[in-house]
Amino acid sequence: MKALITGVDGFVGKYLSEYLLEQGYEVYGTTISENYKNNKINVKKMNLLDTERINKIINDVKPDKIFHLAGQSAVGLSWEKPVLTVNINVNGTLNLLEAVRNHSKDSKILIIGSSDQYGPIKPEECPIKEGKVQNPQSPYGVSKKAQEEMCKLYVNAYNMNIIMVRAFNHIGAGQSKNFVVADFASKIAQIEKGSEPILKVGNLETFRDFTDVRDIVRGYTLLLEKGKIGEIYNIGSGKEVKVSEILKKLISMSKKEIKIEIDPNKFRPVDVPLVVCDNSKIKRDTGWEPEFLIDDTLEEVLEYWRSVIIERRE
Ligand SMILES: Nc1nc2c(ncn2[C@@H]2O[C@H](COP(=O)(O)OP(=O)(O)O[C@H]3O[C@H](CO)[C@@H](O)[C@H](O)[C@@H]3O)[C@@H](O)[C@H]2O)c(=O)[nH]1
């Protein structure tokens, strides 16, 4: 069974490729980077906006399963780079769909969307079901909604084998500092290594549903094995945590005295206050259950940053 992961060198791609290898898949992965090497899988350099290259790779590999992870995934960054975000997330996905339609129509494709597509949610609408009307409030959320609309069209018009997932926040070792847990943990590790003991943070009042990335990649794999074509699935733990609580937990794992400073530059023009996943559909159709506990994942993320941050010498 051949699986192709776009964006294999990203945070989720690295975990997914390991998991698929363990499951016995022959793994192919695309990257935009010149430097990514992994001799356990077949790595192909590919830019999602290079249609010729995408067509060639899909035609050569003809994967049984495609996990489309490549994209611009940071909500904060999408406010700074809205055009890039839409180009990669909408046009890039469309280029992939066209290549599959032309050269490998039987491939099953998992398209990664986001809970950010829902936009602001009232407490009484939580946990959020897939049927909730979408009202995205960031360039990123709008791009992911548009991506999904294109996919629905390709299922209806061309009978393509596409399953769509809306992922809620996920965390783990190796995630970029654009995301809140990695941002906080990396700064705590820096402070432990001698930086000024001031932790600058953004909006601590929001609630998010955090899931360990290892649970997420297992869910993605189950969706392409057992999910229904043309359907949309939420994936997330089903539990909400306040961002201030995450900060408190991480700081309590450190022996250093740390002063918290609210930095207005870290606030976003619009920030969704509350997100909680109703995961009953993915559980029902695939048997997926989250396994990791958030406190254990936070410990591991902090340990990871401790291992990569170098001692500061004055
Ligand atoms: N990054 C960051 N966020 C902070 C900080 N302080 C507070 N926050 C708040 O922490 C929350 C989570 O921020 P992110 O980790 O950047 O995640 P997100 O905006 O919820 O987006 C993530 O989740 C989506 C699913 O809901 C994903 O689709 C998206 O790709 C991303 O992973 C936001 O309310 C953000 O304002 C900080 O110092 N850094």
Side-chain angles (χ1 to χ4, degrees), residues 7 10-13 68-81 85 88-89 111-121 126-128 132 134 136-145 147-148 164-172 174-188 190-191 198-213 216 219-220 233-251 258 260-279 294 297-298 301 305:
F11 167 54
V12 181
H68 180 39
L69 303 187
Q72 195 304 85
S73 64
V75 178
L77 188 67
S78 79
W79 289 100
E80 287 157 38
K81 298 192 184 288
T85 303
I88 297 178
N89 293 355
I111 295 290
I112 316 299
S114 163
S115 58
D116 206 50
Q117 289 170 229
Y118 293 113
I121 311 286
C126 280
I128 309 162
K132 154 114 192 41
Q134 300 174 64
Q137 293 296 313
S138 69
Y140 169 78
V142 172
S143 76
K144 287 288 179 179
K145 179 170 186 262
Q147 165 187 268
E148 196 181 89
M164 292 147 278
V165 61
R166 293 181 188 149
F168 287 59
N169 298 59
H170 31 290
I171 55 173
Q175 189 173 30
S176 120
K177 287 188 269 182
N178 279 324
F179 301 97
V180 68
V181 170
D183 200 348
F184 290 168
S186 62
K187 285 188 187 128
I188 293 171
Q190 264 163 6
I191 291 169
I198 296 176
L199 207 169
K200 289 192 179 168
V201 297
N203 183 5
L204 298 180
E205 298 307 309
T206 53
F207 290 81
R208 290 290 184 273
D209 180 333
F210 294 97
T211 306
D212 190 292
V213 63
I216 294 282
Y220 287 175
Y233 293 89
N234 282 341
I235 186 168
S237 74
K239 295 181 189 137
E240 81 263 33
V241 188
K242 198 170 181 185
V243 171
S244 58
E245 187 60 24
I246 294 284
L247 180 61
K248 215 164 105 190
K249 283 174 188 279
L250 283 166
I251 288 183
I258 296 173
I260 297 164
E261 215 172 84
I262 305 284
D263 178 358
N265 292 324
K266 300 199 84 177
F267 279 62
R268 299 170 185 177
V270 183
D271 203 359
V272 176
L274 169 68
V275 180
V276 198
C277 175
D278 183 321
N279 53 21
I294 187 156
T297 307
L298 292 177
V301 172
W305 283 105

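Order of appearance sets the numbers: ligands from 1, and atoms from 1 within every ligand. Side chains included, hydrogens not; waters and symmetry mates left out as well; all remaining heavy atoms used.
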Which residue supplies the protein heavy atom nearest to [atom], what is that atom called, and how far is it?
atom: atom 21 (O) of ligand 1; result: V75 CG2, 3.3 Å
atom: atom 15 (O) of ligand 1; result: V180 N, 2.7 Å
atom: atom 24 (C) of ligand 1; result: S114 OG, 3.8 Å
atom: atom 19 (O) of ligand 1; result: R268 NH1, 2.5 Å
atom: atom 32 (O) of ligand 1; result: F179 CE2, 3.4 Å
atom: atom 35 (C) of ligand 1; result: D271 OD2, 3.6 Å
atom: atom 30 (O) of ligand 1; result: S73 O, 2.5 Å
atom: atom 26 (O) of ligand 1; result: S115 OG, 2.4 Å

Is the shortest heavy-atom distance from the side chain of N234 to the side chain of Y118 under 4.5 Å?
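When only atoms from C-beta onward are counted, Y118 and N234 do touch, with a gap below 4.5 Å.
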
I'd like to check S115 versus R166 (side-chain heavy atoms, cut-off strictly below 4.5 Å). Are they in contact?
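In short, these two side chains do not touch, never coming nearer than 4.5 Å.
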
Please list, in number order, the atoms of ligand 1 under 4.0 Å from a heavy atom of [X].
X: T206; result: 11 (C), 33 (C), 34 (O)
X: N203; result: 6 (N), 7 (C), 8 (N), 9 (C)
X: K266; result: 37 (C), 38 (O), 39 (N)

Test of proximity, [X] against ligand 1: N or O pairs below 3.5 Å:
X: H170; value: no
X: V181; value: no
X: K177; value: no

Quick one: does ligand 1 sit under 4.0 Å from the side chain of [X], the backbone, both or neither, non-hydrogen atoms only?
X: N178; value: backbone
X: R208; value: side chain
X: A167; value: backbone
X: V243; value: side chain

Applying salt bridge (charged side-chain N to carboxylate O under 4.0 Å, His left out), name anything that partners K187, two or more places apart in sequence or on another chain.
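For K187, the residues satisfying salt bridge (charged side-chain N to carboxylate O under 4.0 Å, His left out) (neighbours in sequence not counted) are D183.
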
Could you tell me which residues satisfy salt bridge (charged side-chain N to carboxylate O under 4.0 Å, His left out) with D209, sequence neighbours excluded, listed by chain and number?
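Once residues adjacent in sequence are excluded, D209 has no partner under the salt bridge (charged side-chain N to carboxylate O under 4.0 Å, His left out) criterion.
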
Do NZ/NE/NH1/NH2 and the carboxylate oxygens of E205 and K242 come within less than 4.0 Å?
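Yes, charged N to carboxylate O under 4.0 Å.
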
Check contact between F184 and ligand 1, using heavy atoms of the residue and a distance below 4.0 angstrom.
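Yes.
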
Could a heavy atom of N169 be found less than 4.0 Å from some atom of ligand 1?
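In this structure, N169 qualifies as a contact of ligand 1 - some heavy atom is under 4.0 Å.
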
For the CD1 atom of I216 and the CG atom of D212, what is their distance to the nearest 0.5 Å?
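The CD1 atom of I216 sits 8.5 Å away from the CG atom of D212.
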
CG-OG distance between L77 and S138, expressed to the nearest 0.5 angstrom
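Answer for the CG-OG pair, L77 versus S138, is 11.0 Å.
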
Using the rule given for side-chain contact (heavy atoms from CB on, under 4.5 Å), can you reason through L199 versus L247, listing the C-alpha separation, both sets of side-chain angles and the distance that settles it, and then say yes or no?
CA-CA 10 Å; L199 207 169; L247 180 61; 4.0 Å; yes

Pick out which of Q137, K144, E148, K145 makes a side chain to side chain donor-acceptor pair (under 3.5 Å) with Q117.
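Output: one option passes, namely E148.
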
Can you establish whether the number of heavy atoms outside K132 located under 6.0 Å from its atom NZ is more than 12?
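For K132, atom NZ is crowded (more than 12 foreign heavy atoms under 6.0 Å).
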
With a 6.0 Å cut-off (strictly less than), is the heavy-atom count around NZ of K200, excluding the residue itself, greater than 12?
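Atom NZ in K200 is not packed in, count stays at 12 or less.
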
Under the side-chain contact (heavy atoms from CB on, under 4.5 Å) rule, what do D263 and V201 come out as? Steps first, then yes or no, please.
CA-CA 6 Å; D263 178 358; V201 297; over 6 Å; no

